[in-house]
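A short write-up of the structure that comes next.
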Amino acid sequence: MSGAERNSQGTEGAGDETPPFRYTARIAGEIERNWQRRWEELGSYHAANPVGPLSGEDAAAEKLFVQDMFPYPSGAGLHVGHPLGFIGTDVYARYHRMLGRNVLHTMGFDAFGLPAEQYAMQTGTHPRTTTENNIERYLTQIRRLGLGHDERRRVATTDIEFYKWTQWIFLQIFHAWYDTEADQGRGRARPISELEAEFAAGKRSTPDGTPWEELDREQQRRIVDSYRLAYLSEAPVNWCPGLGTVVANEEVTAEGLSERGDFPVFRRNLKQWMMRITAYADRLVDDLDRLEWPDKVKTMQRNWIGRSQGAEVYFGLDDRAERIEVFTTRPDTLFGATYMVLAPEHPLADEILSAPERFGSWPEGTDQRWTGGYSGPAAAVAEYRRAAETKSELDRQENKDKTGVFTGMHAVNPVNGERVPVFVADYVLLSYGTGAIMAVPGQDQRDWEFAEKFGLPIVRTVQPPADFEGGAYTGDGPAINSSSGATGLSLDGLDVDEAKKKITSWLEEHGHGKGSVQYKLRDWLFARQRYWGEPFPVVYDEDGIPLGMPEDQLPVELPEVAEYSPRTYDPDDADSRPEPPLSKAEQWAEVELDLGDGLKHYQRDTNVMPQWAGSCWYQLRYIDPENHERFVDAENERYWMGPRPDRHGANDPGGLDLYVGGVEHAVLHLLYARFWQKVLYDLGHVSAEEPYRRLYNQGYIQAYAFTDSRGVYVPAEEVVEQDGRYFHAGEEVSREYGKMGKSLKNSVSPEEMADSYGVDTLRLYEMSMGPLDSSRPWATKDVIGSHRFLQRLWRNVVDERTGQPRVTDAEPDEDLLRALHKTIDSVRSDYDSLQFNTAVAKLIELNNRVTKEYSGSVGPPRSVMEPMVLLVAPLTPHLAEELWSRLGNEESLVHGPFPVADEDYLVEDTLEYPIQFNGKVRSRMTVPASAEQDELRATALADSRIQELLDGSEPRKVVVVPGRLVNVVG
RNA sequence: GCCCCCGUAGCCCAAUGGGCAGAGGCAGACGACUUAAAAUCGUCGUAGUGUCGGUUCGAGUCCGACCGGGGGCACCA
């Protein structure tokens, strides 16, 4: 499309007769540039802190902290979908700023990450250069939107001053441990020095009981290190050869691929940094109840943490000292446990492999189905394990057929002394619970399937309903077949909950088990073998013991390297090993330091932190971006984020007031950030227990895309619709609905819209097209409607020929006053609840009314137009400022005033009631608003139409709803 | 397979704790302005709320089943 044609969709193409002061795209653009410059000169969006370099008197006011999810400054440029949430938060922030609140709203950049690194690999451009260029470009785009950000508070995670504090926080976590006994068993992070002191004082015994002072320094360190909240662990991690790095569980899709790049991920034992997020599992679940978050996100976090209550049960083994420990959520079904299953990697399976003499052949009478065709348990288990290891996650998912082999061992069910066979099967996972289960086919569908296949006994221990058909019964019911003469225990007749309680205490009493809680949540794998991330502030001594850098040596800056990429491999090469880029900076990696016992040689950690690190705490840095002494000043933190029981109830955990972003961060960023916040809280560095008190997920702007017969995308803006079919250049094309993007040829940029209509029109349209939290299709052709409204509003204030105000000092009539105050009232409540679409509708409605009444030579009353200008100001700030100033006001309206509805105009003197007859509206009546039930009833029954319908008979019933209607039932 | 959310006019969307189905915008028709067109302004439809059943004086709203769309989880014992 040519430039001229493109313009014709806007108002720029208006002919010579266009009145000189009409609100066109050209005038809108001038106004927007002007006011953006004025705001900058005035520092209109500067929020005052109580103390420090950004302190100011405004901090005496009630605060509001509004935040958008940290954007990644991609080089691709924004489309109109990106700023939806940014505009939403801006409208909310502006509204509250006008109400007199001290509003903190800014935006920084989550700027570490792969794209800049990959671009560096291709072009040799330093990732910092790319990142900084992208940030500048991004800023140019969002600044044009007129967002009221405090520019002084912009941060980027890649700023050295910023990541110095990210490293500092890492050290706090590294130098801390979780005391599960603290705070009445809720647990709390404490400094690691306090743990060492407990060991040294003998208050806490070492794992094997050796007195502390008898251990050498290295042994002591190994023990202490095993308690740290950030720790090194040699454990199975997600190794992604295609990316050349390990990734967190949260970054692996259900198909076993990396979320970024879709490369296969393999479980490999590698030494890696972990964060002990599991220590916080209970608090992370429980505190969800204290948050004003969408239920959907809370549910996703609950599912991810996956807390389940149950019991550990110990099964003795035939002729052996060991026992098998299992975790079950259904200890009440113990009498139905007819076999057991170990995960293929279970330690007990190792013993079978290491004792082929004992497990060389099958016990007499072993069922053929149990052998897998092998000569004995040792061979069968070895082969089964090997097969399980090579199976990818995807294979395991696709094939849910139960497989397994018998181990040759029998265990003893503690409740009745019966011998049950022990199997190895891959439907049991080593990583969950104890890696072993008691199998209860009667009450578990998976066990049922296995039992059927292997010919194992099935015992129902819960009575299913009479009409129950099918396999395992997992519902409630009375316990059956659940007693034993041998042990004297009986659960028969108890319902599931009662039976659970009884059996759990019986197990504890007899030493056969105990109540237990399990979680799906695993510790957070925190290291990446990449370049463009925060280096770990850690060095290793000659014993390989990790030591935190002293605070005064922070930041540990990223070194220059020749190669920005880690070594990557064939995506399927599971046996490859990570080689971080920083390990190639040998000069940097080897370092002489004095860490207290003289100048010594150390080796730096060559991993970098995952991209999530910066976004775990950036809200704290927004508060105090210029503080060089501390990551955030305590008083400033308390002001902006501290708990406010007076406003939010006694249980308020604190946190910022409104956090808006997409739902895709439900478990990653939002879980990690909560975790860091809680550690910082425990260690006394912050006053808020939660980072984000209120969360709101904005929807997405989507778009139609069109493909021709070859399946190639054609420019969406050139497609025409005819009778429900779509054509491009005369050829029929097919329509699909989804994302907006350059490659789909359906991308619309904010700049195009701003050029055609002005930014205020774009902002207004985005806010009016639907509720902020729902997704909807973009429709460029609809934007004109928002623009027309602004033109009419402008015309009601400004004479299009002279540019002079049209308003008069005449008093509006009472009807108009009522309409105005009703609008004020409902727009305020819509703004409060983020219902911007209905606020816009009400403003248009009122403006249409004014337009109708005052379209002639007499302009509308100033006392109506001034409040209207103030009401739209959060949505269209540039236009509103311009009109406000043309109305003769010298002060900017950024800090108010904001109209207040006069209650007197909200109550009506008379009301029109519908009168229903048998539920259908048949007539109407107008009565005084004060009319009581009896009067309403009498007036309704006296209505001629109702009389007619009743036709002389008595109504069977009359329903009177004051303020609503009257329903006569005949 | 299980769980959650959503289906209102040609399209995007409104509609208090059940209480008059329509606030607003787009598109459309007609009209004003214009030599004409664009732009602008004015006037005006259209659906009975995905389907079936239930509760109720009264259901878009509550309950059940089903259909369609979106999302989450998926051997987690």
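In the text below, chain A, chain B and the rest are named by the order of the sequence lines, each starting its count at 1.
With B/A77, B/G24, B/A39 as the candidates, the nucleotide lying closest to the side chain of A/R22 is B/A39. Checking B/C20, B/G24, B/C75 against the side-chain heavy atoms of A/P914 singles out B/C20 as nearest. Which of B/G24, B/C41, B/C75 sits closest to the side chain of A/T851 comes down to B/C41. Taking only side-chain atoms of A/T329, from C-beta outward, the nucleotide of B/A77, B/C73, B/U40 with the closest atom is B/A77.
For A/N967 and B/C57, a side-chain-to-base donor-acceptor distance below 3.5 Å is present, hydrogens and geometry of angles not being considered. No hydrogens or angles were tested; on distance alone, nothing pairs the side chain of A/R776 with the base of B/C13 as donor and acceptor under 3.5 Å.
Within the cation-pi definition used here (under 6.0 Å to the ring centroid, within 45° of the axis), A/R323 qualifies as a partner of A/Y314. Geometrically, A/K402 does not engage A/F450 in a cation-pi contact defined by less than 6.0 Å to the ring centre and at most 45° from the axis. Cation-pi geometry between A/R735 and A/Y704 is satisfied (NZ or CZ under 6.0 Å from the ring centre, within 45° of the ring normal).
B/G72 and B/A14 have their C1' atoms separated by 29 Å, given to the nearest Å. Using atom P as the reference point in both B/C52 and B/U8, the two lie 16 Å apart (nearest Å). One P atom belongs to B/A39, the other to B/G28, and the distance between them is 10 Å to the nearest Å. Spacing of P atoms, B/A29 relative to B/C67, comes out at 40 Å, to the nearest Å. Remark: the separation of the P atoms in B/U34 and B/A27 is 24 Å, to the nearest Å. Spacing between B/U55 and B/G70 at atom P, rounded to whole Å, works out to 35 Å. When the C1' atom is used for both B/G60 and B/A9, the distance is 14 Å, rounded to whole Å. Taking atom P in both B/C63 and B/U56, the straight-line distance is 16 Å, to the nearest Å.
Residue-level contact check: A/S775 touches the backbone only, with heavy atoms under 4.0 Å from sugar-phosphate atoms and none from bases. Among the protein residues, A/K520 comes within range of the nucleic acid bases, having at least one heavy atom under 4.0 Å from a base atom. Among the heavy atoms of the strands lying under 4.0 Å from A/N848 are primed sugar atoms or P, OP1, OP2 only; no base atom is included.
B/G28 is paired with B/C44 under the criterion used here, namely a Watson-Crick or G-U wobble arrangement in which both key atom distances are under 3.5 Å. Base pairing annotation: B/C73 forms a Watson-Crick or G-U wobble pair with B/G1, both donor-acceptor distances under 3.5 Å. The pairing partner recorded for B/A39 is none, the criterion being a Watson-Crick or G-U wobble arrangement whose two distances lie under 3.5 angstrom.
Distance A/I915 CD1 to B/G58 C1': 16 Å, rounded to the nearest Å. Atom pair A/L965:CG and B/C20:C1' shows a separation of 7 Å (rounding to whole Å applied). Between the CG atom of A/L846 and the P atom of B/G24 there is a distance of 12 Å, rounded to whole Å. Rounded to an integer number of Å, the gap from A/N303 CG to B/C75 C1' is 16 Å. In this structure, CZ of A/R792 is placed 6 Å from P of B/G25, rounded to the nearest angstrom. Whole-Å rounding puts the A/R788 CZ to B/A38 P distance at 12 Å. Atoms CD (A/Q916) and C1' (B/C57) sit 9 Å apart, rounded to a whole Å. Rounded to whole Å, the distance from CG on A/N697 to P on B/C4 is 19 Å.
No side-chain donor from either of A/Q309 and A/T329 sits under 3.5 Å from a side-chain acceptor of the other.
Side chain of A/W794 to main chain of A/F21: a donor-acceptor pair is present (N/O by atom type, distance under 3.5 Å, no hydrogens or angles). Side-chain atoms of A/Y757 never come within 3.5 Å of backbone atoms of A/D760 as a donor-acceptor pair (strictly under, hydrogens ignored).
In textbook terms, a nucleotide whose glycosidic angle is within 90° of 0 is syn, and B/G45 is one such case.
Ring planes of A/Y339 and A/F423: perpendicular class, angle over 60° (limits at 30 and 60°).
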